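Here is the naming used below: chain letters follow the sequence lines, and residue numbers restart at 1 for every chain. Keep in mind that this is a model prediction, so the values were computed, not measured.
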Amino acid sequence: MRLNDVMDEVALAFGEVTGLNSYGWPEASPALPAVVMNYPEGVDYDQTYDRGEDTITDLQAIVLIGNPQDRDTRDKAAQWADGDGPTSIKNFIEGYAYTSCDDVQVIRATFESGPVAGIPCLHIVFSCNVTGSGRD
Amino acid sequence: MARKHSKLTKILIGTDDISQFCTDSTCGQQSGTEDNTTYGKNAVVKDGTLLTGTFSCSGKYDDSATGPRAILKPLVGTTVVVQYRPEGTGSGLPQDEFSAVITDYSETAPVAGFRTWSLTTEPSDEWDSTDQAA
């Protein structure tokens, strides 16, 4: 399991979300609304014997929506952060057929605000734990 | 002399290598004892009798055709050959090889985590603990 392959594939899973531009890396100037993949907290090696399993912990998919004070931003955030249903990003990520890893679990969504290219922007940070083979 | 990490452990059940699904294992040999104390002694005298053993392992569930459920569950109630290699596979490395009756295969499903499995056996007859051949 290689980190770049996983980041690219999670970004691909976002391709099924209507209206989102996806980047498999922490793109500095994304076209909004967008998802950019950020680096994980770390990699826990040797979760089973014989290099059977590693875990990537707290891999971040950051969804950048728009002005936090706009009603449209709130509505988009609500539908994407929904834990279930046809617009749920958790569903899109966990339901994707991954080849770079065995499993991706979305464990948390947190909300932050900060400028993107000087424009106020709401961020939803989806934190994921990724499990896969310890071997390439 | 050097310490050896548990991650190197190899476990073969029959001809199937299940190491990559394992997180824990216990492999031990024990002896029975017989009380041979006679009159005139001030302490109990014991001698060893027959050897026996214990072997169990557990780990992460996997749905593949070579995963623990596919391989181990059908073996419950049968006798298999177990090869336990505490330092991995390689010429001259230690190994315990023995027959064992598979007495239990169980799965556990915690709501906030991955499905796990465990295997319990009762080793039978004598063990071969010679190092691995080239």
Side-chain angles (χ1 to χ4, degrees), chain A residues 1-3 5-6 9-10 13 40-61 81-85 88-110 125-136, chain B residues 3-27 55-72 82-90 93-96 107-119 132:
Chain A
M1 179 172 64
R2 294 191 58 165
L3 180 60
D5 294 336
V6 172
E9 211 168 21
V10 174
E41 178 183 84
V43 180
D44 291 342
Y45 299 116
D46 297 320
Q47 299 300 294
T48 66
Y49 297 162
D50 198 25
R51 299 294 303 122
E53 180 184 304
D54 290 341
T55 302
I56 297 172
T57 58
D58 206 2
L59 176 66
Q60 295 186 334
D82 196 350
D84 195 14
S88 166
I89 280 177
K90 178 176 167 67
N91 269 357
F92 282 118
I93 295 178
E94 294 182 352
Y96 190 82
Y98 293 95
T99 58
S100 63
C101 60
D102 285 351
D103 185 83
V104 179
Q105 288 294 314
V106 181
I107 55 172
R108 188 183 311 113
T110 53
V125 181
F126 290 92
S127 298
C128 307
N129 284 345
V130 181
T131 303
S133 173
R135 301 179 178 203
D136 280 343
Chain B
R3 298 177 192 276
K4 295 293 180 183
H5 201 286
S6 299
K7 70 183 182 181
L8 301 171
T9 308
K10 276 270 194 183
I11 298 172
L12 280 75
I13 304 292
T15 56
D16 292 302
D17 184 348
I18 61 165
S19 313
Q20 293 193 22
F21 310 112
C22 289
T23 57
D24 295 277
S25 59
T26 302
C27 185
F55 174 74
S56 61
C57 55
S58 58
K60 305 270 185 78
Y61 181 90
D62 188 291
D63 68 354
S64 66
T66 57
R69 182 182 177 89
I71 296 298
L72 300 176
V82 175
Q83 291 173 298
Y84 188 77
R85 300 170 178 170
E87 298 176 25
T89 299
L93 294 177
Q95 172 177 275
D96 291 320
E107 292 173 4
T108 305
V111 66
F114 283 99
R115 194 171 186 84
T116 61
W117 61 272
S118 65
L119 186 79
Q132 296 167 55

Original post:
Roughly how far, to the nearest 0.5 Å, is CG of A:D102 from CG of B:D63?
Top reply: 8.0 Å
**OP:** Examine distances only and state if a side-chain atom of A:Y49 and a backbone atom of B:I18 form a donor-acceptor pair shorter than 3.5 Å.
**Re:** no
**OP:** Verify the neighbour count for atom CZ of A:R135: are there more than 12 heavy atoms of other residues, nucleotides or ligands below 6.0 Å?
**Re:** yes
Subject >> Sub-4.5 Å side-chain heavy-atom contact between A:Q47 and B:K60 >> reply: yes
Subject >> Worked verdict on B:D17 versus A:D50 for side chain to side chain contact (heavy atoms under 4.5 Å, CB included) >> reply: CA-CA 10 Å; B:D17 184 348; A:D50 198 25; 4.1 Å; yes
**OP:** For the pair A:T131 and B:F114, evaluate side chain to side chain contact (heavy atoms under 4.5 Å, CB included) and give the outcome as yes or no after the intermediate values.
**Re:** CA-CA 10 Å; A:T131 303; B:F114 283 99; 3.3 Å; yes
Original post:
Are A:R51 and B:K7 side-chain neighbours, meaning at least one heavy-atom pair lies under 4.5 Å?
Top reply: no
Original post:
With only heavy atoms counted, which part of B:S25 is less than 4.5 Å from chain A, the side chain, the backbone, both or neither?
Top reply: both
**OP:** Please flag which part of A:N129 lies under 4.5 Å from any non-hydrogen atom of chain B: side chain, backbone, both or neither.
**Re:** neither
